[in-house]
Amino acid sequence: MNPSKEQIAAYADGELEGDPLRKVEAAVAADPDLQDQVDAHRALRARLSAHFAPVAEAPVPERLFRAVGSEAEVVDFAKAVRKRVKPFAPRFTWFGPALAASLVVALVGFSLSQSGAREYAEGDIATALDNQLVATQQAQAPVRILLSFRDEKGRFCRGFSSEAQSGVACRNGRGWQLGKVFGGKKPQAGEYRQAGSAEAEVLTAIQDLAQGPALDAEGERKAQRQGWRE
Amino acid sequence: MALSEARADTFEDGLLAMLPRMRRFAAGLTRNLPEADDLCQMTIERALRSRAQWQAGSRLDSWMYRIMRNIWIDEGRASTRRMQTFVDTDEGLGMGSSGGQEASAELNDVDRALAKLPNEQREAVLLVMVEGYSYKEAAEIVGCPIGTLNSRLVRGRDALMALLGESA
């Protein structure tokens, strides 16, 4: 078999299956020149990904957060929140866009039931706390990380939200210790009426714990590399 | 793919979470960060106006990318002309703060090479090789048959490899 350029590219991209895959695979294995082409395709992909990675990791400008909010209920909400929290504003300024984003996200769907249990994150939530970075997580990830920061003991803490549970967790020797925990994201009628108190809970939780600015993309990557330990 | 079944809890939630990736794709299309942010903003505004057309449960990201590339095609000509006139494309993405001399020299090589591709080849390359879409998903976003996508991709890659030389 003499694979076409298209077939070689599709093979390098993992797009082939079944019979075509076996044929191209055999041809590549038998011909070092074809193997070089496959390698070149993969090297190019790696180079392009690396080239654009900094854009996805850079802070998102405030105006884009505002654009998302401009026609949605959520936004009126977020605006109202910002106005209302003015008195504490200086403590929040260093969170910048990360907090703005997390606020909007956090406000969208917290239900208000707050359990007092101080335990450890488990399952999907623990996995997300360990592995997910704010800058690169998938839009559809079942557990979303809102932002990361250090508490007064220097521990790494992360705000998260999921269907089952939302809140703040801090890493200690045993795992991700849950701090303030709220119910899952269950948008429901009447939620907006109570928003003031939900938002206050989220703000207060972070405000009480955070010591210094939220981690940026690089800070998060570093923290993750060291296993979220100080 | 599990992703296609999952969806964000709310529309705005989904948009917010997608902003970093949207900026990356926009930066690839426009090759200029301020213009990329303009494109993101237009995309968000159009998406909010057209949100009734988005089917809850379908992939929000593909839908957003389709909107973005359509705006880029519609509005791209005027802004491309503006960019070529006023912006030195050698400046690349203007992500200058990261990396030393060598890193930024390489950034510029890739930017310059991408700038030489026809739009249809560049978007195919970006969707598959940077955004990680399958050929099928990329073809749906662009609105062309898979075979067409595949051949645009190959031509774009050949051109890039030639432009970037052995270092690719």
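Throughout, a chain's letter reflects where its sequence line sits, starting with A, and its residues are numbered from 1.
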More than 12 non-hydrogen atoms from neighbouring residues, nucleotides or ligands closer than 6.0 Å to CD on A:Gln226, yes or no?
-> yes
Should we count CD of A:Gln35 as having more than 12 external heavy atoms under 6.0 Å?
->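 Buried by this count: over 12 neighbours within 6.0 Å.
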Counting N and O atoms only, with roles assigned by atom type, does the side chain of [X] sit under 3.5 Å from a partner on the main chain of [Y], one being a donor and the other an acceptor?
X       : Y        : value
B:Glu12 : A:Val68  : no
A:Arg45 : B:Gly132 : no
B:Arg24 : A:Glu57  : no

Value for CG (B:Leu160) from CZ (A:Arg47), rounded to nearest 0.5 Å, stands at 9.5 Å
Kindly compute the distance separating CD1 (B:Ile44) from CZ (A:Arg66), expressed to the nearest 0.5 Å.
->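 One gets 11.5 Å once the value is rounded to the nearest 0.5 Å.
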Between [options], which has the largest tally of heavy atom pairs under 4.5 Å with chain A?
options                     : value
B:Pro20, B:Cys40, B:Ala36   : B:Pro20
B:Arg155, B:Glu131, B:Gln41 : B:Gln41
B:Asp37, B:Leu114, B:Val130 : B:Asp37

Could you tell me which non-hydrogen atom of [X] sits nearest to which non-hydrogen atom of [Y], and how far apart they are?
X        : Y        : answer
A:Pro59  : B:Arg23  : O-NH1, 3.1 Å
A:Ala10  : B:Asn150 : CB-ND2, 4.2 Å
A:Arg63  : B:Pro34  : NH2-O, 3.6 Å
B:Met129 : A:His41  : CE-O, 3.8 Å

Are B:Arg21 and A:Thr136 close enough, and set up right, to give a side-chain contact (heavy atoms from CB on, under 4.5 Å), and what steps lead you there?
-> CA-CA 8 Å; B:Arg21 288 173 55 210; A:Thr136 55; over 6 Å; no
Just wondering, do [Y] and [X] contact through their side chains at under 4.5 Å, heavy atoms?
X        : Y        : answer
B:Arg157 : A:Asp13  : yes
B:Met22  : A:Leu64  : no
A:Gln7   : B:Val154 : no

Given the rule in the side-chain contact (heavy atoms from CB on, under 4.5 Å) test, do A:Glu15 and B:Val128 qualify, once you have shown the distances and angles that lead to the verdict?
-> CA-CA 11 Å; A:Glu15 286 278 334; B:Val128 171; 5.8 Å; no
Heavy-atom distances under 4.5 Å only: say whether A:Glu6 touches chain B with side chain, backbone, both or neither.
->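 Backbone plus side chain of A:Glu6, per the 4.5 Å heavy-atom cut-off to chain B.
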Go through the steps for B:Leu126 and A:Leu48 under the test side-chain contact (heavy atoms from CB on, under 4.5 Å), then give the verdict.
-> CA-CA 8 Å; B:Leu126 292 172; A:Leu48 290 175; over 6 Å; no
